[in-house]
Number of protein chains: 2
Amino acid sequence: MEKEIAIASLAALAQETRLDAFRLLVQAGPTGLAAGEIATALQTPAATLSFHLKELKSAGVVSCVRRGRSLIYHAHYEQMQALVDYLTEHCCRGAVTH
Amino acid sequence: MEKEIAIASLAALAQETRLDAFRLLVQAGPTGLAAGEIATALQTPAATLSFHLKELKSAGVVSCVRRGRSLIYHAHYEQMQALVDYLTEHCCRGAVTH
DNA sequence: TCCATAATTCTATAATAATGGAAATATCAA
DNA sequence: TTGATATTTCCATTATTATAGAATTATGGA
């Protein structure tokens with residue numbers, strides 16, 4: 001993973017509403033969640049949530065597909081795994097936790 | 001790891017100068033690096049770097065001790081490992097990368 | 001004590017990010 | 001084709017973060 005992408009991914013998740021939204025999507029799995037379902041679950045105005053979903057999407061940690069009137073969002077597990085690998089590789093050298 | 005601490009750690013690393021500084025500290029290992037050595041390596045003005053080191057410190061991903069006139073900074077591997085564990089636990093469920 | 005060095009804090013400025021109402025766009029159903 | 005629903009984009013406002021020169025604090029040596 002490129003450093004720039006790692007920074008963008010870290011920034012995407014370093015905000016409460018976005019981390020909460022992302023965690024909901026991880027829980028939801030392959031089914032995904034509609035933007036409105038996330039907004040309701042997080043009690044966040046649609047416009048605000050839409051802004052955060054756009055951030056997550058442009059960082060590449062989520063994607064969405066239209067289904068009828070809804071846009072269904074999904075977590076990108078591969079990119080998250082790549083981020084974890086990046087951190088382990090570049091930021092954890094010498095860790096002695098377990 | 002608490003969500004708040006995870007967010008603070010992610011935010012600390014989601015900035016180029018700070019990620020670069022942190023990676024230098026990881027490379028340096030137990031020896032650590034003086035603030036001035038990091039500033040020189042990154043070609044960043046002392047005041048700017050000091051601001052970023054304070055951010056890293058308040059997020060708990062680095063610490064420092066005085067040695068003579070210098071402040072020697074060290075990476076906190078345990079907290080980084082805890083962050084990686086947090087992400088794996090909460091944000092990677094279902095990952096199928098390898 | 002006085003000077004040089006190392007780093008931080010102070011301060012102002014510029015840049016970026018977050019918030020949410022209102023308007024616009026897309027889709028479906030009757 | 002009209003109306004209801006889902007969501008985004010537009011926009012203005014507020015809040016937070018980053019930058020770096022100048023002043024300040026801390027330390028060690030002559």
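So you know, we letter chains A, B, ... as the sequences are listed, proteins then strands, and number each from 1.
If you chain together hydrophobic residues whose side chains sit under 4.5 Å apart, B/L13 and B/F51 never meet in one group.
One atom, CG of B/L19, and another, P of D/dA18, lie 13 Å apart when rounded to the nearest Å. One interatomic measurement links the two molecules: CD of B/E16 to P of D/dA18, which rounds to 12 Å at whole-angstrom precision. The CG atom of B/D20 sits 14 Å away from the P atom of D/dA18 (whole-angstrom rounding). The distance between atom CZ of A/R69 and atom P of D/dT5, rounded to the nearest whole Å, is 8 Å. Between the CG atom of A/L49 and the P atom of D/dA6 there is a distance of 15 Å, rounded to whole Å. Between the CG atom of A/L53 and the P atom of C/dT19 there is a distance of 13 Å, rounded to whole Å. Across the protein-nucleic acid pair, B/E55 atom CD and D/dT17 atom P stand 7 Å apart, rounded to whole Å. Between the CD1 atom of B/I72 and the P atom of D/dA26 there is a distance of 18 Å, given to the nearest Å.
When heavy atoms are screened at a 4.0 angstrom cut-off, A/A34 is found touching the sugar-phosphate backbone but no base atom. Within 4.0 Å of B/R67, counting heavy atoms only, lies no atom of the nucleic acid at all.
Note: A/C91 SG to B/M80 CE = 4.5 Å, rounded to the nearest 0.5 Å.
Nearest heavy-atom pair across B/H90 and A/V26 is O-CG1, 3.7 Å. Contact record, B/L53 with B/A35: CD1-CB, 3.9 Å, taken as the closest heavy-atom pair.
Within the structure, every side-chain polar atom (N or O) of B/Q15 is placed at least 4.0 Å from both OP1 and OP2 of C/dA15. Between A/S70 and C/dT27 there is no side-chain N or O to OP1 or OP2 distance below 4.0 Å. The side chain of A/R18 places no N or O atom within less than 4.0 Å of a non-bridging phosphate oxygen (OP1 or OP2) of C/dA17. A/Y73 has no side-chain polar atom (N or O) that falls below the 4.0 Å cut-off from OP1 or OP2 of D/dA6. The side chain of B/T48 contributes an N or O atom lying less than 4.0 Å from OP1 or OP2 of D/dA20. Between C/dT19 and A/H52, a contact under 4.0 Å exists linking OP1 or OP2 to a side-chain N or O.
Distance from the side chain of B/F51 is smallest to D/dA18 among D/dT8, C/dA18, D/dA18. Of all nucleotides listed (C/dT8, D/dA18, C/dT19), C/dT8 comes nearest to the side chain of B/A46. With D/dT9, D/dA20, C/dT8 as the candidates, the nucleotide lying closest to the side chain of B/L71 is C/dT8. If you check D/dT8, D/dA22, C/dA26 against the side chain of B/A47, the one that comes closest is D/dA22.
Counting heavy atoms of neighbouring residues, nucleotides and ligands inside a 6.0 Å radius, atom CZ of B/R66 exceeds 12 of them.
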